[in-house]
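Per chain, numbering begins at 1; letters A, B, ... match sequence-line order.
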Number of protein chains: 2
Amino acid sequence: MNSAPDKVTPQGRRPVRVGVVDESELVTTGVEGMLAQHSGRVAVVEPEVAEVVLCDPVGRSLDIEAYLADVARRTHGRVVVYTWRLDQGSVRRAVSAGAQGFVSKAVPADELVRVVELVHRGGTVEAPAPTLAARDSLSVREAEVLSLICRGRSNLEIAAELYVSVNSVKTYIRQIYHKIGVARRSQAVAWGIERGY
Amino acid sequence: MNSAPDKVTPQGRRPVRVGVVDESELVTTGVEGMLAQHSGRVAVVEPEVAEVVLCDPVGRSLDIEAYLADVARRTHGRVVVYTWRLDQGSVRRAVSAGAQGFVSKAVPADELVRVVELVHRGGTVEAPAPTLAARDSLSVREAEVLSLICRGRSNLEIAAELYVSVNSVKTYIRQIYHKIGVARRSQAVAWGIERGY
DNA sequence: GCACTTTTCACCCCTTCGGGCGACCTCTTC
DNA sequence: GAAGAGGTCGCCCGAAGGGGTGAAAAGTGC
């Protein structure tokens with residue numbers, strides 16, 4: 001990767017060293033290209049010596065917690081979850097598992113740099129409130145229930161998790177099916193996963 | 001994007017002009033960086049003047065067929081599906097909808113260039129035939145049933161589609177659940193989609 | 001005030017699903 | 001021939017899911 005000596009910024013600050021862990025060539029190359037536009041503020045280095053580490057724990061054979069623990073073992077930087085998935089549950093798990101920040105792979109370069117610098121300074125970044133519900137014309141509650149359905153929960157489990165009656169859950173499910181145009185749970189799961197729930 | 005004049009290769013061939021459609025800055029930057037390593041063979045240009053167009057129809061608000069029709073309207077190049085998803089069904093739909101090739105976003109740069117050149121020359125690239133059943137220790141029939149479950153079919157629908165009794169379908173489902181370690185359909189759908197069924 | 005949305009809940013009823021048990025057949029391998 | 005794998009099927013039964021109807025409370029906008 002980039003092994004050029006660090007430039008000192010006008011304020012006498014060294015660029016933040018950023019590492020990308022376990023990513024495809026497409027993503028690694030993309031991050032390098034994006035951060036190159038801000039080479040005075042950030043520099044891409046090997047993950048082992050990075051101050052901020054970007055990784056995507058979603059969709060791996062290890063579960064989120066185990067993967068992040070593994071990353072922490074291999075690196076020393078502050079961990080930022082850099083993922084496509086906008087699923088609130090996965091993000092929450094990742095942050096609970098020690099990640100200091102979240103940033104979507106869909107953001108432009110300057111937002112990525114902003115998050116990196118913030119995390120490097122010791123701040124934490126929560127995921128922006130997802131707009132899945134608004135995007136799909138579901139209420140917040142409906143989106144929440146759909147997310148749980150996509151994770152394989154039964155109605156009773158969902159009711160327990162949300163502290164409501166199973167009758168309420170059934171009501172939400174009826175509403176969800178009607179809004180997204182499906183007839184049964186398996187269709188709802190397929191639909192929901194396709195759309196990031 | 002890259003608007004430098006085309007270089008003529010030693011064989012007198014102009015690089016293939018490649019366009020990226022509707023992608024995030026991360027992917028666009030990544031592709032540019034990857035293809036820059038092969039600048040004598042390919043060049044990234046605006047999609048409207050590209051000879052080969054990379055696009056990802058998966059997970060958009062438009063369905064695969066409608067999205068690809070839209071891309072065809074906006075561009076003139078041969079269409080290559082460039083996606084993370086290895087789902088055989090989605091790929092088949094995309095190819096049926098007119099895409100001339102498929103390539104995973106996970107591949108390295110030289111494979112991407114190879115596919116681009118092949119499609120440019122008039123060839124077509126199918127996704128590699130997955131051996132899902134063998135990979136997951138399912139029988140052929142079990143994998144078939146799981147695939148139908150992941151597409152939201154009810155047991156009765158699956159029975160009709162495979163010309164067997166619903167009792168047979170239930171038997172397969174019992175076996176599938178036991179083998180993949182799930183307790184209910186929604187978990188099986190999530191599991192199956194995650195693994196390309 | 002009225003209409004609409006969202007959240008919550010009860011209840012009725014029916015369908016679908018899923019665990020279990022048993023059975024039979026074909027093919028392959030030892 | 002025996003054992004195992006895979007395919008097929010029936011049946012029992014309870015659990016889970018899903019359509020429908022109705023109700024109430026809170027908040028918002030006209």
Under 4.0 Å between a side-chain N/O of B/S168 and OP1 or OP2 of D/dC9, yes or no?
-> yes
So do B/V103 and B/V81 actually touch side chain to side chain, heavy atoms under 4.5 Å?
-> no
Would B/K105 and B/E23 pass as an ion pair if we require N to O under 4.0 Å?
-> yes
Kindly give the atom pairs (protein nitrogen or oxygen, nucleotide nitrogen or oxygen) under 3.5 Å for nucleotides 21-30 of chain D.
residue: D/dT21; atom: O4; partner: A/R174; partner atom: NH2; Å: 3.3

State plainly whether the residues A/K179 and A/D136 are in salt-bridge range, i.e. N to O under 4.0 Å.
-> no
Please give, in whole Å, the distance from C/dT6 C1' to A/E144 CD?
-> 14 Å
Sidechain N-carboxylate O distance under 4.0 Å for A/R14, A/E51 | yes
Got a salt bridge between A/E157 and A/R151, using NZ or NE/NH1/NH2 to carboxylate O under 4.0 Å?
-> no
Looking only at heavy atoms, which two atoms of B/R78 and B/G122 are closest? And how far apart?
-> NH2-O, 3.4 Å
Does the side chain of A/Y67 come under 3.5 Å of the side chain of A/D56 through a donor N or O and an acceptor N or O?
-> no
Can you tell me how far P of C/dG18 sits from CG of B/N167, to the nearest Å?
-> 14 Å
Heavy-atom pair of closest approach, residues B/V80 and B/F102 = CG1-N, 4.3 Å
Candidates B/V20, B/T28, B/L26 - the one meeting side-chain contact (heavy atoms from CB on, under 4.5 Å) with B/S24 | B/L26
With the threshold set at 4.0 Å, does a side-chain nitrogen-carboxylate oxygen contact exist between B/E48 and B/R74?
-> no
Between CD1 of B/I173 and C1' of D/dA15 the distance, given in whole Å, is 15 Å
Between protein and nucleotides 13-17 of chain C, what N or O pairs are separated by less than 3.5 Å?
residue: C/dC17; atom: OP1; partner: B/N155; partner atom: N; Å: 3.4
residue: C/dC17; atom: OP2; partner: B/N155; partner atom: N; Å: 3.1

Expected rows: protein N/O vs nucleotides 3-7 of chain D N/O, under 3.5 Å:
residue: D/dG7; atom: OP1; partner: B/R141; partner atom: N; Å: 3.4
residue: D/dG7; atom: OP2; partner: B/S139; partner atom: OG; Å: 2.5

Rounded off to whole Å, could you give me the CD1-to-P distance for the A/I176 and D/dG17 pair?
-> 13 Å
Could you check A/V16 against A/V113 for side chain to side chain contact (heavy atoms under 4.5 Å, CB included), going step by step and ending with a plain yes or no?
-> CA-CA 9 Å; A/V16 180; A/V113 171; over 6 Å; no
